[in-house]
Each structure stands twice: as structure tokens, then as C-alpha cells.
Amino acid sequence: MKREKIADILRASEIGKTVLVKGWVRAFRSNRFIQVNDGSTIKNIQAVVDFENFDEAILKRVTTASAVAITGELVESMGAGQAVEIKVTAIEILGDANPDEVQKTVMQPKKHSLEFLREQAHLRFRTNTFGAVFRIRHAVSFAIHKYFNDKGFNYLHTPIITGSDAEGAGEMFRVSTLDAQNPPLNDEGKVDFSQDFFSKPVNLTVSGQLEAELAALALGQVYTFGPTFRAENSNTSRHLAEFWMIEPEVAFNDLKDNMDLTEDFLKYICQYILDNCADDLQFLNDREEKEQQSKPKLERNELTLIERLKFVTENDFIRLTYTEAIDVLRNSKPFKKKKFKYDVAWGVDLHSEHERYLVEKKYKCPVILTDYPAEIKAFYMRQNDDGKTVAAMDVLFPGIGEIVGGSQREERLDILKKKFADFDIPEEDLDWYIDTRKFGTVPHAGFGLGFERMVMFVTGMTNIRDVIPFPRTPGNASF
RNA sequence: UCUCCCUUAGCUCAGUUGGUUAGAGCAUCUGACUGUUAAUCAGAGGGUCCUAGGUUCGAGUCCUAGAGGGAGAGCCA
């Protein structure tokens with residue numbers, strides 16, 4: 001007999017059919033009701049056993065977390081919590097689970113803290129919350145590929161090991177096969193990287209953007225979706241040392257096109273999750289609501305998780321320039337009452353408190369900020385006609401902060417070369433990048449989306465470590 | 001890296017001005033019950049009070065240092 005997935009059985013609900021399910025026991029109540037979950041859906045199927053006429057030795061081994069194969073007839077349920085259930089004819093124990101051991105893990109029929117679950121990242125997949133989070137993580141990932149594929153983008157694999165160290169996006173992890181104890185030294189007494197695997201120092205990528213630009217200037221529109229590494233000592237609920245990033249790059253797009261693409265893309269992802277992950281989303285929505293009740297009123301979310309996703313799909317993002325944002329902030333109540341810790345002045349980068357004010361207090365809506373001062377943005381961003389600002393854009397989401405950073409790229413060779421000089425970057429480090437501005441250069445634009453931050457938004461999880469299966473953070477690389 | 005907070009049973013937490021034998025709920029085990037929905041009822045077992053020093057007649061409680069965790073900041077996605 002062929003094993004059927006619980007999701008399929010519940011969807012079809014063919015009363016009278018004999019079915020075989022395989023899964024893990026979530027709870028065994030009243031010596032009669034076995035709750036089985038096989039990961040295909042957040043829903044369990046209830047298997048009802050006639051314990052008075054059943055092998056007691058088998059039932060003894062039906063414990064929380066054990067793996068079972070259950071055969072029986074699908075019948076309408078007499079109870080209230082479920083429409084159908086399995087009237088058991090046979091149980092096979094596939095894998096035992098010792099209750100004394102189980103008790104020490106997260107696999108108990110009780111509520112656990114997210115911190116405790118995180119310590120057992122290898123087991124937390126078995127919980128409702130993380131089952132839902134990781135099914136949704138998959139769906140977000142798939143939606144991203146589908147969106148770009150439907151629009152004719154090419155998925156580009158940019159290198160994970162990179163030889164360019166001029167990307168300026170943060171501290172990098174060195175990759176080396178040299179003996180860490182006794183590295184070979186050159187005449188100057190420094191480490192001789194000419195003897196290393198790649199004959200020079202190399203690092204893990206912090207961004208695939210520069211490489212993506214090369215491909216975009218030939219294939220027209222590309223996107224990357226891969227692991228990204230930052231060796232920064234960031235200890236926050238929104239940073240990881242290893243995370244995934246999506247970086248689309250489109251030839252002939254200007255900043256306006258770039259904003260339109262970003263907004264359409266983010267709305268598509270939210271709509272896809274609303275359409276395809278209803279059960280998991282509802283669970284996370286209800287879970288959050290329950291948790292909110294224990295918080296003081298001021299700290300509660302005004303909208304539920306599902307309402308927040310709908311809000312994004314149904315409303316236009318607020319777009320304003322950096323210069324306008326400075327004006328808004330300087331005229332705001334917290335500025336006038338000196339409630340901001342950091343000053344607001346043209347030329348100074350905005351701080352978290354300012355971004356939060358704009359997104360969470362003033363507009364209560366995703367905000368796209370554009371046209372930042374050149375000094376506080378990267379060298380590759382296109383200089384505006386005013387000579388002071390660049391065609392940059394940051395998309396700010398409530399509760400998450402910066403979820404997307406992007407720009408129109410500087411395509412003019414002379415200005416780009418000047419930028420290299422201004423930023424003290426030797427041209428020879430990125431000669432391959434400069435080359436693209438010599439052979440039919442065109443305006444182009446792109447952005448980077450932090451994948452985990454997007455998953456945080458659509459699941460409502462508030463710590464980034466809870467939306468990636470095995471988080472890597474300073475001092476922590478377990479599993 | 002900085003600031004603040006936390007660390008007591010498998011988990012979540014209580015523990016009074018420093019004072020006898022450190023508690024509760026859940027979980028686990030045993031028994032009862034049996035159409036349950038985080039089942040219920042009765043009972044049992046379960047403790048390096050994070051670690052190392054210190055103050056004190058006496059420290060879970062006070063002080064110092066360290067470790068781990070959380071929230072926020074910086075950096076950013």
C-alpha cells in the first residue's frame with residue numbers, strides 16, 4: 001500500500017477509503033487519539049484506536065515524537081476539532097522515542113520560548129511554529145524565482161568566493177588553505193598569499209551586485225539569489241553573518257523603474273504567501289495575537305500579521321527624497337521636543353530612530369527614500385544632476401527597517417573614474433567592472449533584498465535567527 | 001563593539017528587610033478514567049539556585065569579575 005501525505009488526505013477527504021499515513025506523533029490522548037503530523041501541512045490527522053482490542057505493547061511505544069505508520073479507514077469524526085479521522089486497523093512503530101529523552105527537548109506538547117527552541121535548531125522543525133515558518137520560507141523563495149522567471153529574468157550564479165575586496169559592503173571572511181599556525185611569509189615578513197590556493201587573498205562574497213551588472217549589460221535582466229557573508233560583529237535581531245540575498249539588475253532601467261520593480265516585486269511576494277500559505281499564515285497570525293495580549297497596549301501591533309500583508313499589497317508605498325525626509329523629520333514633534341538621540345541635518349545619514357518615525361509613526365506604510373547625499377552612499381551609485389546627491393533608494397518596512405537597498409548605477413565612465421578616486425579605490429582592483437562602461441555602456445539599475453528580512457515580515461517573527469534553519473552569528477555556528 | 005535587562009527542576013517562572021527542609025504550573029513516570037482537542041483526576045520522581053571569588057554568624061537574595069541569553073544602538077540586507 002502506498003503512503004499518502006496528510007495534506008492530500010485532508011484535501012480529498014474521501015470517506016470510506018483505506019489510507020496509510022507515515023509521520024511523527026504529536027500527542028497521544030486518552031489512550032485513544034493519536035495526533036500525527038508528517039510535515040506536509042501544519043494540520044495533524046487524528047488516528048482513533050480501539051485500545052480495548054489492540055496490542056498493548058504497540059500502544060506503549062506510541063509516544064510523543066515517535067515515528068509511526070498507521071493504516072485505517074477514513075471516517076467522519078465524532079469529535080468537534082476535525083472533520084475526518086482515521087479508524088485505525090494497524091500501527092507500525094517506525095522509530096521509537098524515549099519519553100525521558102523527549103522531555104529534555106522541545107518536542108513536548110507544551111509551549112516553549114523561542115530562545116529554548118533556538119538552542120535545539122535541529123529539532124525545532126518538529127514544532128508548529130517552525131514548521132509554518134520554514135514552509136513559508138520555501139514559498140517565499142519559490143515566489144521570488146517565479147516572479148523573475150515570469151518576467152523573463154535570468155537567474156545568475158555569482159561567485160561565493162570572491163577575489164575583489166573593494167565592494168565596500170562590510171567586513172569579509174577570508175578563505176584560505178594556508179596553515180593558520182605557520183603561514184608562509186614573504187620577504188617583508190608578511191603572509192605570502194601567492195602560495196595560497198588562489199595565489200592571492202580571497203574572501204566570501206558580501207554582494208553579487210558588481211558581477212550581476214556585467215551580466216545585466218548583456219542578458220538585459222538578471223537576478224542573483226545566493227548566500228552572502230558579513231564578518232561584522234553585529235549582535236541584533238536583524239543581522240546574520242550568513243544570510244541570503246536577492247539582487248536583480250536591469251539594463252536600461254532608471255531609478256523610477258527600479259522603484260516600480262521593487263514595489264511590484266514585494267507586493268507579489270506578499271500576495272503569493274496570502275494565496276498559497278493560508279493555514280501556516282493563519283497559525284502564525286493567531287500565535288502572534290495571543291502573544292500580543294500579554295504586552296502593554298502601547299507595544300502591540302495595530303494590525304495583525306495577515307492585515308499587514310494585505311496592507312502592503314493594497315497600498316502604494318510612500319516615496320520621498322532624502323531631502324524631503326530631512327524636512328519632514330525637522331518639522332516632526334520628536335525633533336522639536338528633542339526626543340531624537342541623534343541630530344537630523346542634511347548630509348548626515350538617518351538613524352534607526354528616524355527611519356522608524358517615518359515608517360511606523362508618520363506614514364504607517366512602507367517608505368521608499370531616494371536621492372541620498374553622495375558621501376554617505378556607495379561609489380557605484382549614479383550621480384544626480386544637482387552634483388550633490390546620488391540615485392539611491394532604501395525601502396523601509398515597519399518593524400524590519402531597511403529591507404531593500406538599491407540604486408541606479410553610474411554608467412558614465414568619466415564620472416565613475418572620478419568616484420573611484422574620491423573613494424580611494426584603486427582602479428586596477430575593479431578594472432573588469434570599469435570595462436563595462438567602455439563597451440556600449442547604458443543606464444541600469446538594481447537592488448538587494450535581504451531574504452531573511454522578507455521572511456521575517458511575512459511570518460511576523462521578530463528575531464532573524466528564527467527564520468533561517470541554522471543561524472550563524474558572532475560566536476555561534478552550531479549544527 | 002557599546003548600553004540596559006535576564007540566568008532558580010526538562011520548560012516557563014515565583015522566591016518578602018539576607019534567616020529552618022528552595023516552591024508553582026506545564027512536561028515526565030505510576031494509577032484511575034475514557035470521544036479527547038495544550039484531555040481530566042490522584043500520586044511520585046526531579047535542584048551545581050550560570051561559574052569563580054568576596055562580604056557576613058548565615059547568601060538563591062548583597063558586592064566584584066567572567067560566561068551564556070535577550071532588547072536596543074552602531075554597521076547594514
Side-chain angles (χ1 to χ4, degrees), chain A residues 26-35 43-52 60 63-65 75-82 85 87 97-120 127-128 167-171 206-209 227-247 290 294 299 341-342 349-356 376-378 394-397 400-406 447-457 462-468 473-476 478:
Chain A
R26 284 289 178 81
F28 187 14
R29 279 192 290 270
S30 300
N31 208 24
R32 186 190 289 276
F33 306 102
I34 308 170
Q35 304 295 329
K43 290 177 182 161
N44 301 329
I45 199 158
Q46 174 159 284
V48 185
V49 56
D50 180 10
F51 61 89
E52 279 145 331
K60 262 283 194 244
T63 56
T64 302
V75 297
E76 278 183 49
S77 177
M78 290 161 65
Q82 56 287 314
E85 62 192 19
K87 204 173 148 189
N98 180 340
D100 288 337
E101 296 283 326
V102 168
Q103 196 208 174
K104 290 173 185 166
T105 73
V106 301
M107 293 182 290
Q108 302 169 21
K110 81 181 286 288
K111 194 180 189 309
H112 293 295
S113 67
L114 293 172
E115 290 79 24
F116 183 57
L117 289 156
R118 212 173 293 147
E119 285 168 20
Q120 299 177 34
T127 64
N128 282 333
E167 290 166 32
E171 291 297 308
V206 293
S207 164
Q209 180 205 314
T228 310
F229 307 88
R230 304 269 167 94
E232 307 216 318
N233 195 6
S234 296
N235 290 290
T236 82
S237 50
R238 13 175 241 295
H239 288 88
L240 292 165
E242 176 182 296
F243 63 100
W244 289 66
M245 189 155 66
I246 297 97
E247 295 176 291
K290 269 179 231 155
S294 64
E299 290 172 26
K341 207 175 148 200
Y342 293 90
D349 207 357
L350 299 180
H351 284 82
S352 287
E353 58 179 353
H354 309 130
E355 296 179 349
R356 291 181 86 124
I376 59 173
K377 286 293 179 183
D394 282 359
V395 181
L396 309 176
F397 262 36
I400 311 280
E402 186 179 341
I403 197 165
V404 163
F447 63 83
L449 167 72
F451 179 64
E452 280 77 16
R453 290 190 181 172
M454 189 67 203
V455 179
M456 283 171 83
F457 183 74
T462 52
N463 191 315
I464 201 165
R465 297 162 199 204
D466 294 329
V467 298
I468 188 165
T473 52
N476 192 344
S478 304

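No hydrogens, no waters, no symmetry mates; every other heavy atom, side chains included, goes into these values. All figures in this text were calculated on a predicted structure; none of them were measured in a lab. Just so we're on the same page: letters track the sequence lines, and every chain starts at 1.
In terms of polar N and O atoms assigned as donor or acceptor, the side chain of A/Gln82 comes within less than 3.5 Å of the base of B/rU36 in a complementary pairing. For a distance-only test at 3.5 Å, the side chain of A/Ser234 qualifies as a donor-acceptor partner of the base of B/rC75. Below the 3.5 angstrom threshold, one finds a donor paired with an acceptor across the side chain of A/Arg453 and the base of B/rC76. Contact of A/Thr105 with B/rG10 (side chain to base): no donor-acceptor pair of N or O atoms is detected under 3.5 Å.
Using the Watson-Crick or G-U wobble rule with both distances under 3.5 Å, B/rG25 pairs with B/rC11. Nucleotide B/rG18 forms a pair with no other nucleotide shown, judged by Watson-Crick or G-U wobble geometry with both contacts under 3.5 Å. Figure legend. B/rU64 is base-paired to B/rA52; pairs are counted as Watson-Crick or G-U wobble with both atom distances under 3.5 Å.
For the pair A/Asn31 and A/Val102, both in contact range of RNA chain B, the more 5′-proximal nearest nucleotide belongs to A/Val102. Between A/Gly401 and A/Pro474, the residue anchored closer to the 5' end of RNA chain B is A/Pro474, taking for each the nucleotide with the nearest heavy atom.
Nearest nucleotide to the side chain of A/Pro109, out of B/rG25, B/rU28, B/rA71: B/rU28. Of all nucleotides listed (B/rU36, B/rA77, B/rG69), B/rA77 comes nearest to the side chain of A/Arg230. When each of B/rG74, B/rG69, B/rA27 is scored by its nearest atom to the side-chain atoms of A/Gln108, the top-ranked nucleotide is B/rA27. Considering only the side chain of A/His239, B/rC76 comes nearest among B/rG70, B/rG35, B/rC76. Closest approach to the A/Asn476 side chain among B/rG25, B/rG35, B/rG69 is made by B/rG69 (side chain taken as heavy atoms from C-beta onward). The side chain of A/Phe116 lies closest to B/rG10, out of B/rA71, B/rA73, B/rG10.
Side chains of A/Leu449 and A/Met245 form no contact here, defined as non-hydrogen atoms less than 4.5 Å apart. Between A/Arg465 and A/Ser237 the shortest side-chain heavy-atom distance does not fall below 4.5 Å.
A close approach under 4.0 Å does occur between a side-chain nitrogen or oxygen of A/Arg238 and OP1 or OP2 of B/rA73. Of the side-chain N and O atoms in A/Asn463, one or more sit less than 4.0 angstrom from OP1 or OP2 of B/rA71. Distances shown here put every side-chain N or O of A/Arg32 at or beyond 4.0 Å from the OP1 or OP2 atom of B/rC33. Here A/Thr236 does not reach the OP1 or OP2 of B/rC76: none of its side-chain N or O atoms lies under 4.0 Å away.
Note on ring orientation: taking the six-membered ring where Trp is involved, the planes of A/Phe457 and A/Phe397 are perpendicular (angle over 60°, cut-offs 30° and 60°). The aromatic rings of A/His351 and A/His354 lie perpendicular to each other, with more than 60° between the two planes, well past the 30° mark.
Taking atom C1' on both nucleotides, B/rA38 is separated from B/rC2 by 42 Å, rounded to a whole Å. As rounded to the nearest Å, B/rG60 and B/rG23 have C1' atoms that lie 12 Å from one another. Taking the C1' atoms as reference points, B/rU28 lies 12 Å from B/rA9, given to the whole Å.
Nearest heavy atoms, A/Phe229 versus A/Val206: O-CG1, 3.1 Å. What you find for A/Thr64 and A/Val102 is that their closest heavy atoms are O-CG2, 3.7 Å.
A/Met78 comes within contact range of at least one nucleobase, with a heavy-atom separation under 4.0 Å. Heavy atoms of A/Gly79 sit under 4.0 angstrom from at least one base atom.
Stacking of A/Phe243 onto the six-membered ring of B/rA77 is present: less than 5.5 angstrom between centres, less than 30° between planes.
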